Amino acid sequence: MSEMIALAASAPPAVVYPLYLQAIIAIVKGAVLLFVLLTLAAYAVFAERRILAFMQGRVGPNRAGPFGFLQPLADVFKLLTKEEANPPFADKWLYYAAPAIITITSMLTFAVIPFGPSDWFIITDLNVGLLFFLALSSLGVYSIVLAGWSSNSKYAALGGLRATAQMISYELPMSLALVGVVLAAGTFSLREIVCAQSGLWFIVIQPVGFAVFLIAAVAESRRTPFDLPEAENEIVAGFHTEYSSMKFALFFLGEYVSIMLLSCIIAVVYLGGWHGPWLPPPLWMLIKVGALVFFFIWIRATFPRLRYDHLMELGWKWLLPLAIANVVITAALLLAFPKLVQGAGK
Amino acid sequence: MNNLLIFYPAAVVAVITTLMVILTRNPVYAVIYLILSLCGVALVFFSLGAPFLAALEVIVYAGAIIVLFLFVVMMLNIGRVMNEQDCLRPSRKQMILPGFLVIVLLVETLMCLFAAAPVNPAASSISTKALGQALYGKHYLGVLLSALVLLIGAIGGIHLGRASSCPDTKERSIHAPR
């Protein structure tokens with residue numbers, strides 16, 4: 001931890017604060033980020049409901065406050081005050097732990113996301129930031145699996161099994177797609193990856209990697225068209241069938257936080273992060289993340305759910321070979337033309 | 001100095017959770033203790049100046065391999081408590097040789113620990129690039145050999161999983177609807 005804190009305070013303004021001050025700064029930045037994140041997650045739910053309603057020719061929630069802007073608040077109160085029904089046949093400890101795991105793993109990753117060039121817009125510039133994201137997203141799988149297992153109900157177990165298979169299958173192409181970016185930028189640090197894109201965004205030189213990562217990201221967030229772990233018409237609600245009240249809300253929160261997380265990662269890794277003309281850097285980052293969240297919602301409104309064998313075929317027979325080919329071709333090109341990308345071969 | 005603040009708690013957590021892996025009776029809990037143990041080991045690596053290794057430890061072991069363990073434990077439905085045969089304790093006679101071997105190793109480890117000069121972990125942080133150059137330069141033979149082992153494992157897996165490897169299973173194999 002101290003090394004992470006030290007790294008956070010070690011960039012441009014070379015003021016070395018004492019350790020306790022570094023810790024306090026990191027905690028304050030984390031608290032502000034959490035507040036913004038939770039608020040945005042609540043409004044992402046609202047935005048999704050309104051946008052889906054618009055796309056399907058409905059009205060959507062518009063009663064609470066002007067244009068329904070107080071709807072998230074009403075939702076939170078409803079969920080907090082609802083009766084909690086814990087199944088007596090569940091495995092208590094894991095049943096309670098599962099929703100916490102997904103929320104923690106998806107929120108923790110925000111510590112390495114750079115929202116701007118200055119030290120104040122990133123909690124810690126970890127030198128293996130991209131791997132940190134992959135590590136925590138692979139730990140997030142346990143939440144779904146354990147929720148399915150500990151509920152001790154057949155629908156939940158089926159959802160949990162489906163989720164395991166799906167998330168393992170799509171983690172591989174996702175990581176391999178990122179290898180192309182790491183080769184081009186020559187670093188795992190997310191801040192340096194953004195800095196390497198000051199001339200050309202990586203979406204231009206890594207179009208295949210971008211497409212593979214985008215599809216794998218939607219699959220990783222378990223949303224339509226890849227929402228087989230919670231397919232309503234087959235297995236009730238999948239892994240969270242037995243969850244109610246605030247524990248259900250935590251799964252819901254985890255889903256929307258991970259949508260924002262994946263949007264942030266796509267913006268940072270492929271869309272040039274905070275780079276953009278005229279507007280201040282953090283605003284550019286917010287605009288890109290907002291556009292990507294809208295894109296996620298748009299996908300949900302557009303595509304029908306995949307069949308299970310198609311899902312596995314897409315992951316293993318299409319995305320994985322494409323991602324491997326992308327890595328090989330990128331590496332060969334970088335070896336042949338080392339000056340192709342700014343910052344390559346650092 | 002600050003690294004010690006991470007190292008000792010992480011090491012204690014790793015040791016306790018590893019003990020719990022073999023002491024707990026519920027196989028699913030054992031797998032979860034194993035995940036915690038691997039995360040503890042990853043933090044130990046991090047505090048010793050190897051962040052890349054720490055990240056890989058979590059991604060490869062905790063994130064991929066243990067998921068498969070959990071998958072198998074759930075699929076086989078071993079149940080909440082192991083059967084009686086698994087809970088049997090070995091007799092005293094059976095414990096003598098392994099116990100002796102463990103004591104030999106423990107004494108040697110302790111001797112190594114006290115003989116070695118203390119290193120400053122913070123000063124010896126290993127960059128990802130240095131690690132890659134060492135692996136694919138000096139130790140490329142080891143990389144090739146481990147790749148070979150993995151390839152053999154993959155071939156074996158494909159062979160065992162083939163629908164026609166055993167005539168009996170051909171009819172029972174599940175084909176995706178087309």
Side-chain angles (χ1 to χ4, degrees), chain A residues 1-7 19 22-23 89 91 93-94 97-98 101 105 112 126-142 144-146 148-150 152 157-158 160-161 163-165 167-169 171-172 175 182 186-189 307-313 345-346, chain B residues 1-7 9-10 26-29 31-32 34-36 38-39 42-43 45-75 77 79-80 121-122 125-129 131-132 174-178:
Chain A
M1 180 62 85
S2 61
E3 196 172 335
M4 287 191 230
I5 298 164
L7 277 169
L19 189 65
Q22 288 174 16
F89 43 80
D91 186 296
W93 286 98
L94 294 181
I101 294 173
T105 51
V112 295
L126 195 64
N127 56 358
V128 288
L130 207 53
L131 292 177
F132 186 73
F133 155 69
L134 288 176
L136 283 176
S137 86
S138 62
L139 286 183
V141 183
Y142 289 113
I144 316 296
V145 182
L146 293 177
W149 182 80
S150 68
N152 208 3
L158 281 172
L161 285 176
T164 330
M167 290 176 86
I168 293 176
S169 308
E171 220 152 69
L172 278 172
S175 325
V182 172
T187 173
F188 283 113
S189 154
R307 214 170 64 191
Y308 198 74
D309 55 324
H310 287 179
L311 175 90
M312 287 294 142
E313 241 174 58
K346 220 190 281 179
Chain B
M1 179 60 214
N2 296 324
N3 285 323
L4 297 183
L5 287 179
I6 316 175
F7 179 84
N26 185 330
V28 172
Y29 275 77
V31 172
I32 288 160
L34 193 55
I35 300 164
L36 288 179
L38 288 166
C39 291
L43 267 181
F45 283 153
F46 187 86
S47 69
L48 292 177
F52 183 69
L53 203 57
L56 282 197
E57 175 94 7
V58 177
I59 294 173
V60 175
Y61 286 100
I65 292 175
I66 308 296
V67 171
L68 295 180
F69 279 24
L70 196 61
F71 205 75
V72 170
V73 168
M74 282 167 63
M75 285 291 255
N77 201 9
R80 272 142 214 277
S125 181
I126 303 152
S127 76
T128 310
K129 197 178 175 185
L131 188 72
I174 300 156
H175 287 292
R178 297 233 167 231

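Predicted model only: the values in this text are computed from it and were never measured. We name chains A, B, ... by the order of the sequence lines, and we start the count at 1 in each one.
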Discussion item. Can you tell me how far apart CH2 (A:Trp93) and CD1 (B:Ile32) are? Round to the nearest 0.5 Å.
Written reply: 12.5 Å
Worksheet item: Stepwise, does the side-chain contact (heavy atoms from CB on, under 4.5 Å) test hold for A:Leu139 with B:Cys39?
Response: CA-CA 10 Å; A:Leu139 286 183; B:Cys39 291; 4.2 Å; yes
Worksheet item: chain B heavy atoms under 4.5 Å from A:Tyr308: which part of the residue, side chain, backbone, both or neither?
Response: neither
Worksheet, complete the sentence: Sequence neighbours excluded, the answer for ring-ring contact (aromatic ring centres under 6.0 Å, His included) partners of B:Tyr61 is none
Worksheet, complete the sentence: Taking every heavy atom of A:Ser138 against every heavy atom of B:Gly63, the minimum-distance pair comes out as OG-CA, 3.6 Å
Fill in: Heavy-atom contact with chain B under 4.5 Å, split by part of A:Leu172
neither
Discussion item. So which atom in B:Val28 and which in A:Leu94 form the shortest heavy-atom distance, rounded to 0.1 Å?
Written reply: CG1-CD1, 3.9 Å
Fill in: Value rounded to 0.5 Å, distance of CG in B:Leu70 from OG1 in A:Thr164
7.0 Å
Discussion item. Using a 6.0 Å cut-off, check whether atom OH of B:Tyr29 has over 12 heavy atoms from anything other than its own residue.
Written reply: yes
Worksheet item: Do you know which of B:Ala62, B:Ala55, B:Ala64 has the most heavy-atom pairs under 4.5 Å to chain A?
Response: B:Ala62
Worksheet item: Side chain, backbone, both or neither: which part of A:Ile168 has a non-hydrogen atom closer than 4.5 Å to chain B?
Response: side chain
Worksheet item: chain B: which of A:Val145, A:Leu136, A:Val141 shares the most heavy-atom pairs with it under 4.5 Å?
Response: A:Val145
Item to complete: Please state whether the side chain, the backbone, both or neither of B:Ile66 comes within less than 4.5 Å of a heavy atom of chain A.
Response: both
